[in-house]
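Below is one structure; the comments refer to it alone.
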Amino acid sequence: MTKVSKIKGFADLFPPESVKFSRMESVAKDIFSRYGYQETRIPILEKTELFSRSIGEETDVVQKEMYTFPDRKDRLVTMRPEATAGVMRAYIENKLFAAGGVTRLYANGPMFRYERPQKGRMRQFHQIDCEALGSPDPLLDAEVILMLEHFLSELGLTKLTFEINSLGCRECRPVYLAALSDFLKGMHKEHLCEDCMRRKLSNPLRVLDCKVPGCKEYTADAPKITDHLCDGCREHFDVVMEAVTGSGLSYTLNPRLVRGLDYYVRTTFEVVSGDIGSQSSVAGGGRYDGLIGSLGGPDQPGVGFACGMERLAMLMPETEPVKPDFHIVVLEQPGLASGLSLAQELRKAGLSGEAPYAVSSMKSQMRQANKTGARFCLVLGEEELRTETALVKNMADGAQESIPLGRVATHLLGE
RNA sequence: GUGACUGUAGCUCAGUUGGCAGAGCACCUGGUUGUGGCCCAGGUGGCCGUGGGUUCAAGUCCCAUCAGUCACCCCA
């Protein structure tokens with residue numbers, strides 16, 4: 001029989017990797033709930049239209065990367081490539097806006113993009129996602145950024161760089177894009193790399209994000225978005241920066257920071273690590289006023305971010321596996337049942353450990369006990385079975401004593 | 001979608017000009033009555049990614065293919 005293998009870009013997780021993921025989830029729940037965020041669980045599969053309308057028809061994500069297929073009644077559905085669109089749909093559909101004020105939601109789970117896998121990039125990857133809906137206030141942008149920093153530092157991740165930019169709005173961005181295109185017109189093959197020559201027509205903003213040294217050099221004097229903001233955007237951005245700085249978070253103002261999803265306006269930010277290879281962005285987000293309206297909801301503004309869990313996991317230290325409390329050794333066949341029921345009693349008392357299903361030599365079982373790292377080894381031999389006791393051995397110092405079966409739990413708990 | 005590199009034991013990897021498939025770790029069993037770690041002895045474990053080709057002979061050379069990794073691209 002040939003064996004079935006997993007699909008390219010999909011992963012199986014076991015400890016210690018899987019432990020990092022559950023830790024991220026529990027820290028997220030703890031931190032985000034302090035800011036008033038509510039746990040949200042939404043579908044993985046959505047109508048394709050949701051993503052093409054929100055992310056942008058012309059983006060790479062929509063054009064080349066989505067897992068899209070017809071369902072059994074030929075309706076086009078898509079495995080979500082990101083979380084925001086689905087959360088917006090849920091917000092609108094469940095009329096969460098009716099409560100008034102700011103609605104704060106967080107979610108986490110798998111996302112799917114059909115890309116060539118590499119370090120920090122899977123076809124099924126996982127994000128933790130936060131969205132704050134219903135307020136255009138720049139202080140909310142600042143709070144979201146500060147909360148992200150709080151979450152990351154709670155995970156023990158320092159050494160991260162925060163980059164912030166403003167992309168302007170529907171009014172001022174087109175003016176800026178015109179100025180940028182104008183500037184790039186003067187750039188030719190001898191200045192820009194092949195990709196950028198293409199990008200200067202298709203997506204001029206991306207030229208600013210190019211890592212090729214030559215491109216960086218020749219675009220150093222390119223017009224900056226931050227010099228072209230309208231009064232509203234300028235004021236909004238100043239308040240965000242001032243509030244973030246005022247709360248003690250240092251960041252880099254990066255006028256070249258670009259987002260790949262079309263819905264972002266005004267504040268955008270990204271958290272970058274230098275320690276995880278080429279896919280260095282561990283979190284990214286920004287403001288998306290107008291998105292909810294464009295999905296048929298009320299004209300409510302929003303701001304949020306997503307963290308890449310695989311990328312964060314690469315930065316997290318491995319935690320020591322927890323040691324069990326006991327390991328039972330049984331020397332006589334008839335004692336196996338006693339071993340099983342003793343283990344059961346101890347587990348119900350809150351202890352952890354295992355009992356054997358078959359007898360083997362004491363040496364072998366002791367080696368097994370040692371390997372599990374159990375604090376205590378409980379020996380049930382001929383003598384113990386007769387006297388209804390267990391020989392309790394402290395594996396750290398080797399001390400051992402006979403304890404009546406009924407008192408083993410309290411004995412272990414007392415240690 | 002493009003490129004480069006890598007596929008040998010559960011893991012990390014050796015394997016010379018083509019000439020018997022190897023090591024370390026892990027695992028199992030022992031080292032005399034019922035005692036772990038350290039040490040010692042022995043043992044299990046291989047479609048050498050897969051399929052062709054060259055050759056008396058292929059892990060080794062050639063072609064194809066699949067898989068993995070990293071990078072481009074894109075993004076979290």
Side-chain angles (χ1 to χ4, degrees), chain A residues 2-3 5-9 11 24 55 59-66 80-84 108-130 148 152 160 193-196 198-199 202-203 206 209-212 257-261 264 268-273 276-286 304-315 327 329-332 335 359-385 391-400:
Chain A
T2 56
K3 55 187 171 189
S5 60
K6 65 177 181 291
I7 297 172
K8 182 201 270 288
M24 273 183 261
I55 297 170
T59 58
D60 278 17
V61 171
V62 169
Q63 292 217 326
K64 310 192 285 205
E65 299 174 359
M66 295 203 302
R80 62 183 183 192
E82 58 107 40
T84 302
N108 75 274
M111 309 293 158
F112 304 84
R113 290 183 200 173
Y114 193 93
E115 298 181 271
R116 189 82 168 262
Q118 69 183 73
K119 188 176 186 183
R121 189 172 76 186
M122 290 287 143
R123 287 183 177 178
Q124 177 179 323
F125 61 104
H126 299 76
Q127 290 188 336
I128 295 176
D129 181 79
C130 290
L148 173 58
L152 295 171
L160 295 171
C193 70
E194 210 175 302
D195 288 326
C196 283
R198 179 171 45 77
R199 287 186 196 121
S202 64
N203 193 347
R206 286 252 159 246
D209 200 36
C210 185
K211 290 142 200 146
V212 174
L257 176 62
V258 165
R259 309 259 71 222
L261 281 48
Y264 287 112
T268 58
F269 52 92
E270 196 165 304
V271 184
V272 178
S273 164
I276 55 173
S278 173
Q279 305 300 315
S280 58
S281 169
V282 299
F305 64 79
C307 302
M309 295 177 78
E310 282 80 2
R311 294 181 189 177
L312 293 179
M314 286 191 277
L315 293 165
H327 187 90
V329 168
V330 175
L331 299 175
E332 309 292 334
V359 280
S360 59
S361 75
M362 181 139 191
K363 184 188 188 94
S364 158
Q365 291 192 65
M366 288 303 294
R367 276 179 174 163
Q368 196 62 38
N370 189 61
K371 208 162 55 182
T372 66
R375 289 160 56 224
F376 292 94
C377 188
L378 314 179
V379 180
L380 299 181
E382 195 181 359
E383 172 73 15
E384 288 76 18
L385 289 174
L391 184 65
V392 177
K393 175 167 183 169
N394 183 322
M395 294 297 277
D397 60 19
Q400 55 188 37

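No experiment lies behind these values; they were computed from the predicted model shown. Numbers restart at 1 for each chain; the letters A, B, ... are given by sequence-line order, proteins then strands.
One atom, NZ of A:Lys8, and another, C1' of B:rC70, lie 13 Å apart when rounded to the nearest Å. For the pair A:Met362 CE and B:rU35 P, the computed distance is 6 Å after rounding to whole Å. To the nearest angstrom, C1' of B:rA76 lies 11 Å from CG of A:Leu148. One can place CZ of A:Arg113 at 13 Å from P of B:rC74, the figure rounded to the nearest angstrom.
The side chain of A:Glu115 has B:rC74 as its nearest neighbour among B:rG37, B:rC74, B:rG34. Here the side chain of A:Leu391 is nearest to one of B:rA76, B:rG34, B:rG30, namely B:rG34. Closest contact between the side chain of A:Met366 and the listed nucleotides B:rA76, B:rU29, B:rU35 involves B:rU35. Of the candidate nucleotides B:rG36, B:rC74, B:rA71, B:rC74 has the atom lying nearest to any side-chain atom of A:Gln279.
In this structure, A:Glu65 reaches the sugar-phosphate backbone alone: every heavy-atom distance under 4.0 Å involves primed, P, OP1 or OP2 atoms, never a base. Using a 4.0 Å heavy-atom distance criterion, A:Thr59 is classed as making no nucleic acid contact. Heavy atoms of A:Val329 sit nowhere under 4.0 angstrom from any nucleic acid atom. Among the atoms of the strands shown, none is found under 4.0 Å from any heavy atom of A:Gly285.
Taking the P atom of each, B:rC40 and B:rC48 are spaced 33 Å apart, rounded to whole Å. Comparing B:rC11 with B:rC5, their P atoms sit 25 Å apart, to the nearest whole Å. Separating the C1' atom of B:rA67 from that of B:rG51 is a span of 14 Å, rounded to the nearest Å. For the P atom pair drawn from B:rG18 and B:rC56, the interatomic distance equals 15 Å after rounding to whole Å. The separation of B:rG31 from B:rG19, taken at their P atoms, amounts to 42 Å, rounded to a whole angstrom. Comparing the C1' positions of B:rU12 and B:rU69 gives a spacing of 16 Å, expressed to the nearest Å. Here, B:rG45 and B:rC39 have their C1' atoms 24 Å apart, quoted to the whole Å. Remark: the separation of the C1' atoms in B:rG53 and B:rU16 is 25 Å, to the nearest Å.
At the phosphate of B:rA76, neither OP1 nor OP2 sits under 4.0 Å from any side-chain N or O atom of A:Arg121. Contact between the side-chain N/O atoms of A:Lys6 and the OP1/OP2 oxygens of B:rA67 is not found at any separation under 4.0 Å. In this model, the phosphate group of B:rC72 is approached by a side-chain N or O of A:Ser278 to a distance below 4.0 Å at OP1 or OP2. In this model, the phosphate group of B:rG37 is not approached by any side-chain N or O of A:Lys393 to a distance below 4.0 Å at OP1 or OP2. For the pair A:Gln118 and B:rU69, the criterion of a side-chain N or O lying under 4.0 Å from OP1 or OP2 is not met. An OP1 or OP2 oxygen of B:rC28 is reached within less than 4.0 angstrom by a side-chain nitrogen or oxygen of A:Gln368. Within the 4.0 Å cut-off from OP1 or OP2 of B:rU29, at least one side-chain nitrogen or oxygen of A:Ser364 is found. For B:rA71, neither phosphate oxygen OP1 nor OP2 lies less than 4.0 angstrom from any side-chain nitrogen or oxygen of A:Lys119.
Stacking of A:Arg80 on the aromatic ring of A:Phe112 is not recorded, the 6.0 Å distance cut-off and the 45° axial limit not both being met.
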Pairs counted only when both distances fall under 3.5 Å, Watson-Crick or G-U: show me the 5' to 3' dot-bracket for RNA chain B, [ ] for pseudoknotted crossings and | for other-strand partners. (((((((..((((.....[..)))).(((((.......))))).....(((((..]....))))))))))))....
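With rounding to the nearest 0.5 angstrom, the NZ atom of A:Lys393 is 12.0 Å from the CG atom of A:Leu378. Note that CG of A:Leu257 and OG1 of A:Thr268 are 4.5 Å apart. Values are rounded to the nearest 0.5 Å. For the atom pair CD (A:Glu310) and NZ (A:Lys119), the distance works out to 14.0 Å, reported to the nearest 0.5 Å. Taking OG from A:Ser281 and CZ from A:Arg311, the interatomic distance works out to 6.0 Å, rounded to the nearest 0.5 Å. Note that CG of A:Leu312 is 8.0 Å distant from CD1 of A:Ile276, once rounded to the nearest 0.5 Å. In this structure, A:Gln124 CD and A:Ile7 CD1 are separated by 9.5 Å, a value rounded to the nearest 0.5 Å.
Annotation: of the two residues near RNA chain B, A:Gly120 and A:Ala399, the 5′-most nearest-nucleotide partner is A:Ala399. When the nearest nucleotides of RNA chain B are assigned to A:Val282 and A:Glu384 by heavy-atom distance, the more 5′-ward of the two goes with A:Glu384.
Not a single salt bridge (Lys or Arg N to Asp or Glu O under 4.0 Å) links A:Glu65 to another residue, sequence neighbours left out.
Other residues, nucleotides and ligands place no more than 12 heavy atoms under 6.0 Å from the CD atom of A:Glu382.
If you check residues 305-312 of chain A against RNA chain B, the residues with a heavy atom closer than 4.0 Å are A:Ala306, A:Gly308, A:Arg311, listed by number.
Put simply, the side chain of A:Gln368 reaches to within 4.5 Å of the side chain of A:His327, judged on heavy atoms. Contact annotation: the side chain of A:Val379 approaches that of A:Met362 to within less than 4.5 Å [non-hydrogen atoms, C-beta and beyond].
Classification of A:Glu115 and A:Arg121 as a salt-bridged pair holds, one side-chain N sitting under 4.0 Å from a carboxylate O.
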